[in-house]
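One-based numbering, in listed order, for ligands and for the atoms of each. Note that the coordinates shown come from a computational prediction; the quantities given were computed from them, not determined experimentally.
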Amino acid sequence: MKYPAEPFKIKTVETIEMTSREEREDIVKEAGYNTFLLPSKNVYIDLLTDSGTSAMSDKQWASLMIGDEAYGGSENWFKLRDAVQEIYGFDYVVPTHQGRGAENLLSQIMIEEGDYIPGNMYFTTTKAHQELNGGKFVDVIIDEAHKPSVERDFKGNVDLDKYKKLIDEVGADKIPYICVAVTVNMAGGQPVSMENIKKVKEISEKHGIKVMSDATRCVENAYYIKEREDGYQDKSVREILKEMMSYFDGCTMSGKKDCLVNIGGFLAMNDADMYQEATSLVVMYEGMPTYGGMAGRDMEAMATGIYESVDEHYIEHRIKQVRYLGDKLAEAGIPIIKPVGGHAVFLDAREFLPHLSQDQLPAQALAAAIYLDSGVRAMERGVVSAGRDADGSHHYPKLETVRLTIPRRVYTYAHMDVVANSVIDLYEKRDKISGLKFVYEPPTLRFFTSKFEPL
Ligand SMILES: CC1=C(O)/C(=C\N=C(/Cc2ccccc2)C(=O)O)C(COP(=O)(O)O)=CN1
């Protein structure tokens, strides 16, 4: 089916309030036109992020009642370890409180001052931890990933020539690993093909470079392989995922996305020495290697969520609900990144607001305008998120987007209609949307707490 009905029935509801336009004028001003700073109670449909915002199942809630909160050797830890080994196939698992916990460990273990870390487009926290440890991120994604209207089945693919060129230029000994994100968040939730992963592995093995994955949305990636790559239509998402992860030496995981939990993550690997290093480091930052900053109940909920995430009906609905919103907007002529990604619809703010230069912060302005119009909260993924270069000037990304990020198992198609109607109405009066300017800018990861004013 083009858009399958929700494969669940609702047992518990959390009411959502609608504010008035007048109220939202004051609320957004108070938040400095930054959607991160909006109080949740004043948000009607919250599409800020799919991170930590999924609805847990009844089985996951039941997990909370069997939390073994022993300081060492929690029963829930063994359940989580077994789930990771069974579904992703890695030998060793180090639990962390969320994805950044795993990125911190991996970067400290693998990166030395002056190293280069190639990857398929940057992600803010991943790049921050690589640079914190003296590494330099190098974007090796295919050029098409930076072109919103160009459609490709696997727009998240690594450009193998760019990768080989980097190896030739800096030498394999300066490249501890390549980080392959599946899917690519900042490119619009774009997948990587199995063929591309295999080729990256082949090149890397030849040069003794490890292949790590940012596996945060790996189930969504597996679904796209099933849907779009020859030879995989008859395989289950679970089988495809296992094969996909078998080409990696390890992965960082933010459990707050595909693992269907509100907190949690892990670093997984196949190398015993790396595991030894990670367990001695994790006690500094996350706690014992058998809880890693999570309560026992959270580890149990994540183990359950890992199994639920590879259910065919769940993942088909998840992908197609996002596609439903994207298709509605595209049909109305709204400029979005194509093809529609796995976790979000990305509005092309540059095309949406051609009268604004990037210095007038179009994506930030559009996110604030959407909230003002309908109480829907989206996230800026443009020049504000990209931060500043070493010389202090804005880093101007090619993609200036607003991300409408769909939480898992939370909203219905009716909510998608509300969002689509609001964006379409706004598009008709887009020339009334003015730019923004900074009135407060923190030194790092500025998109979280910056404040703005209309120009
Ligand atoms: C591909 C990928 C992610 O998308 C990711 C987090 N995404 C997030 C959460 C976020 C993080 C930073 C700025 C804005 C929003 C998302 O809203 O998209 C992390 C960090 O995981 P963590 O949040 O659990 O630490 C690692 N890799």
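Each of the atoms 12 (C), 19 (C), 20 (C), 26 (C) of ligand 1 lies under 4.0 Å from some heavy atom of T125. Distances below 4.0 Å separate heavy atoms of S254 from the following atoms of ligand 1: 21 (O), 22 (P), 24 (O). For ligand 1, the atoms sitting less than 4.0 Å from at least one non-hydrogen atom of K257 are 4 (O), 5 (C), 6 (C), 7 (N), 8 (C), 21 (O), 22 (P), 23 (O), 24 (O), numbered in the order shown with element in parentheses. Under a 4.0 Å criterion applied to the non-hydrogen atoms of T124, ligand 1 contributes the atoms 12 (C), 13 (C). Atom numbering of ligand 1 starts at 1 in the shown order; those under 4.0 Å from a heavy atom of K256 are 24 (O). Atoms of ligand 1 lying under 4.0 Å from any heavy atom of T216, numbered from 1 in the order shown and given with element: 2 (C), 26 (C), 27 (N). Atoms of ligand 1 found under 4.0 Å from any heavy atom of G99, numbered from 1 in the order shown, are 21 (O), 22 (P), 24 (O), 25 (O). Ligand-side atoms of ligand 1 in range of D214: 1 (C), 2 (C), 26 (C), 27 (N), range being under 4.0 angstrom from any heavy atom.
Figure legend: R228 and Y223 shown without cation-pi pairing, the cationic atom not lying both under 6.0 angstrom from the six-membered ring centre and within 45 degrees of its axis. In this structure, K127 forms a cation-pi arrangement with Y122, its terminal cationic atom sitting closer than 6.0 Å to the ring centre and no more than 45° off the ring axis.
Looking at D50, T49, L445, T405 and measuring to atom 17 (O) of ligand 1, the nearest heavy atom belongs to T49. Selection from F447, F36, Y122, F123 by nearest heavy atom to atom 19 (C) of ligand 1 gives F123.
Y88 pairs in a ring-ring contact (aromatic ring centres under 6.0 Å, His included) with only one of the listed residues (Y247, F266, F248), which is F266.
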Please tabulate, for side-chain N and O atoms in residues 144-154, each donor-acceptor pair with protein atoms closer than 3.5 Å (sequence neighbours left out).
| unit_1 | atom_1 | unit_2 | atom_2 | d |
| --- | --- | --- | --- | --- |
| H146 | NE2 | D139 | OD2 | 2.9 |

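Side-chain contact of D298 with Y291: a donor-acceptor pair under 3.5 Å is absent, judged by distance alone.
The protein atom (non-hydrogen) at minimum distance from atom 11 (C) of ligand 1 is R100 NH2, 3.5 Å. Summary of contacts: the protein heavy atom closest to atom 26 (C) of ligand 1 is E103 OE2, 3.3 Å. Nearest to atom 15 (C) of ligand 1 among the protein's heavy atoms is M379 CE, 3.8 Å.
Here R403 has side-chain heavy atoms under 4.0 Å from ligand 1, and that is the only part of it that gets that close.
Remark: distances from the non-hydrogen atoms of H343 to ligand 1 are all 4.0 Å or more.
In this structure, V423 and V345 have side chains that are not in contact, with every pair of non-hydrogen atoms separated by 4.5 Å or more.
Residue pairs meeting the side chain to side chain donor-acceptor pair (under 3.5 Å) criterion with at least one partner in residues 31-46, sequence neighbours excluded, are D46-R377.
Using a cut-off of 4.0 Å between Lys/Arg side-chain N and Asp/Glu carboxylate O, K328 and D417 are scored as salt-bridged.
In this structure a side-chain-to-backbone donor-acceptor pair under 3.5 Å is present from Q60 to S57.
Here CG of N76 is found 10.5 Å from CZ of F78. Values are rounded to the nearest 0.5 Å.
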